[in-house]
There are 2 protein chains.
Amino acid sequence: MRIGQLAERTGASPRQLRYYEQQGLISPLRQVNGYRDFDEAVVERVHSIMQLLEAGVPTRLIKVLLPCMRDGQRRPDFLTGDMLRELEQLHGRLSARVDCLAEHRDAVRRFLDETETWG
Amino acid sequence: MRIGQLAERTGASPRQLRYYEQQGLISPLRQVNGYRDFDEAVVERVHSIMQLLEAGVPTRLIKVLLPCMRDGQRRPDFLTGDMLRELEQLHGRLSARVDCLAEHRDAVRRFLDETETWG
DNA sequence: TGGAGGCTTGACGGTAGTGTCAAGGTCGAG
DNA sequence: CTCGACCTTGACACTACCGTCAAGCCTCCA
């Protein structure tokens, strides 16, 4: 699949897809004429990337996170201690984010509920 | 409290605190000489701001989110329908973020657990 | 054969958040 | 009075993410 079709199927712009490749998040093959050649699996992968970026996760973290996903990519052949430590840190950061956001989301919920009650 | 002391107590740089003021997240009084004058409550508020920024929430959303917090600020006197709708949207976005991040955090957890088992 | 599209890379622009530096005002200690 | 520490605003710079435009190549179709 070429970049235009992938863009259409994912909702990402070609510019975004090229940027994701540049950041090492996707690695399309090349056709003989130089055109990028994406396989089916990358569609889901791009969806994950877009969701994570939307959620405020920078590409550098997405890059270490994606190999952990079931679908989309096989696990790396070699896992160094550094990589494991980085993943532990990532887990911690994600947990902190989730807690912080959930807490503030609940505060918004309470605020809205009270406002409705008082309205 | 002046900006230096607030910086020391929150861990934010003076530059950050001035930026937060510029974005309307905090509104210090001014001493006669022009120095910013922060009250105690702003310490907690700045902590919230830093956590939310760390979690990838832009200042524009933090601005509409902060008045929902119990501690730190009283609720606005007038809530327009637009503000309520914006808060509902914010709640939706925060929920989506939490779900996305929790899902990926769990994937990292499973990945690490399996790796350990296999190690 | 000549467009019309789609693709390539490269570059410039724009916003968000922040570091950093410059030029100057304020204040207390010596 | 002066020095040093702190404050002010303003500007320039950098990273991240992405829009957009330019110049050129590829492919298909009339």
Side-chain angles (χ1 to χ4, degrees), chain A residues 1-39 42 45-66 90 93-94 96-97 100-101 104, chain B residues 1-39 42 45-66 90 93-94 96-97 100-101 104:
Chain A
M1 162 180 14
R2 293 187 307 187
I3 203 172
Q5 191 180 352
L6 179 60
E8 197 173 349
R9 288 183 58 184
T10 57
S13 67
R15 177 68 175 88
Q16 282 172 285
L17 296 173
R18 283 190 273 262
Y19 179 71
Y20 299 160
E21 179 188 10
Q22 185 187 333
Q23 299 306 304
L25 305 183
I26 51 182
S27 302
L29 301 176
R30 293 295 178 134
Q31 297 172 355
V32 284
N33 55 13
Y35 288 11
R36 290 172 179 81
D37 190 13
F38 299 92
D39 55 47
V42 82
R45 194 176 173 87
V46 168
H47 280 140
S48 282
I49 294 171
M50 295 174 72
Q51 283 176 31
L52 287 165
L53 282 174
E54 171 71 26
V57 182
T59 56
R60 193 196 147 278
L61 293 187
I62 296 179
K63 189 173 177 177
V64 313
L65 193 157
L66 282 180
L90 175 58
R93 275 198 291 268
L94 289 176
R97 268 169 133 96
C100 172
L101 292 177
H104 286 87
Chain B
M1 168 180 11
R2 294 187 307 188
I3 202 172
Q5 190 180 352
L6 180 60
E8 197 175 349
R9 289 183 57 184
T10 57
S13 67
R15 177 68 174 88
Q16 283 173 287
L17 296 173
R18 284 190 272 260
Y19 180 71
Y20 300 160
E21 179 189 11
Q22 185 188 332
Q23 299 306 306
L25 305 183
I26 50 183
S27 302
L29 300 176
R30 294 296 180 132
Q31 297 171 355
V32 283
N33 56 14
Y35 290 10
R36 290 171 179 81
D37 190 13
F38 299 92
D39 54 46
V42 82
R45 194 176 172 87
V46 168
H47 281 141
S48 282
I49 294 171
M50 295 175 71
Q51 284 176 31
L52 287 165
L53 282 174
E54 170 71 24
V57 182
T59 55
R60 195 196 145 277
L61 294 187
I62 297 179
K63 189 173 177 177
V64 313
L65 192 157
L66 282 180
L90 175 58
R93 274 199 292 269
L94 288 176
R97 266 168 134 99
C100 173
L101 292 178
H104 286 87

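Letters A, B, ... mirror the listed sequences (proteins, then strands); counts begin at 1.
Under 4.0 angstrom from either OP1 or OP2 of C:dG19 there lies at least one side-chain N or O belonging to B:Ser13. For B:Asn33 and C:dC27, the shortest distance from a side-chain N or O to OP1 or OP2 is below 4.0 Å.
Within the 4.0 angstrom heavy-atom criterion, base atoms lie near A:Arg18.
The OH atom of B:Tyr19 sits 12 Å away from the P atom of C:dT15 (whole-angstrom rounding). Whole-Å rounding puts the A:Gln31 CD to C:dT8 P distance at 9 Å. A straight line from CG of A:Asp37 to P of C:dG6 spans 18 Å, rounded to a whole angstrom. Taking atom CD of A:Gln5 as the reference point, atom P of C:dG5 lies 19 Å away to the nearest angstrom. Between A:Leu6 atom CG and C:dC7 atom C1' there is a gap of 14 Å when expressed in whole angstrom units. Separating the CG atom of A:Leu17 from the P atom of C:dT9 is a distance of 13 Å, rounded to the nearest angstrom. Rounded to a whole Å, the CD atom of A:Glu8 is 10 Å from the P atom of C:dC7. Between the CD atom of B:Gln23 and the C1' atom of C:dT15 there is a distance of 11 Å, given to the nearest Å.
Taking only distance into account, the side chain of B:Tyr35 meets the base of C:dG25 through a donor-acceptor pair shorter than 3.5 Å.
Running 5' to 3' along DNA chain D, contacts with non-hydrogen atoms of chain A at under 4.0 Å begin and end at D:dA16 to D:dT27.
Annotation: side chain of B:Tyr19 is in contact with side chain of B:Thr59 (closest heavy-atom distance under 4.5 Å). Within the 4.5 Å cutoff, side-chain heavy atoms of B:Leu66 are placed close to those of B:Ile49. By the 4.5 Å heavy-atom criterion applied to side chains, A:Leu53 and A:Tyr20 are counted as neighbours.
Taking the nucleotide of DNA chain D with the nearest heavy atom to each of B:Ile3 and B:Arg15, the more 5' of the two is matched to B:Ile3. Closest-nucleotide positions on DNA chain C for B:Val32 and B:Val57 were compared, and the one nearer the 5' end corresponds to B:Val57.
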Show which side-chain atoms of residues 22-33 of chain B pair as donor or acceptor with protein atoms under 3.5 Å away, not counting sequence neighbours.
residue: B:Arg30; atom: NH1; partner: B:Gly34; partner atom: O; Å: 2.9
residue: B:Arg30; atom: NH2; partner: B:Glu21; partner atom: OE2; Å: 3.4
residue: B:Asn33; atom: OD1; partner: B:Tyr35; partner atom: N; Å: 3.0

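Relative to the side chain of A:Arg2, the nucleotides C:dG17, C:dG25, C:dG6 differ in distance, and C:dG6 lies closest.
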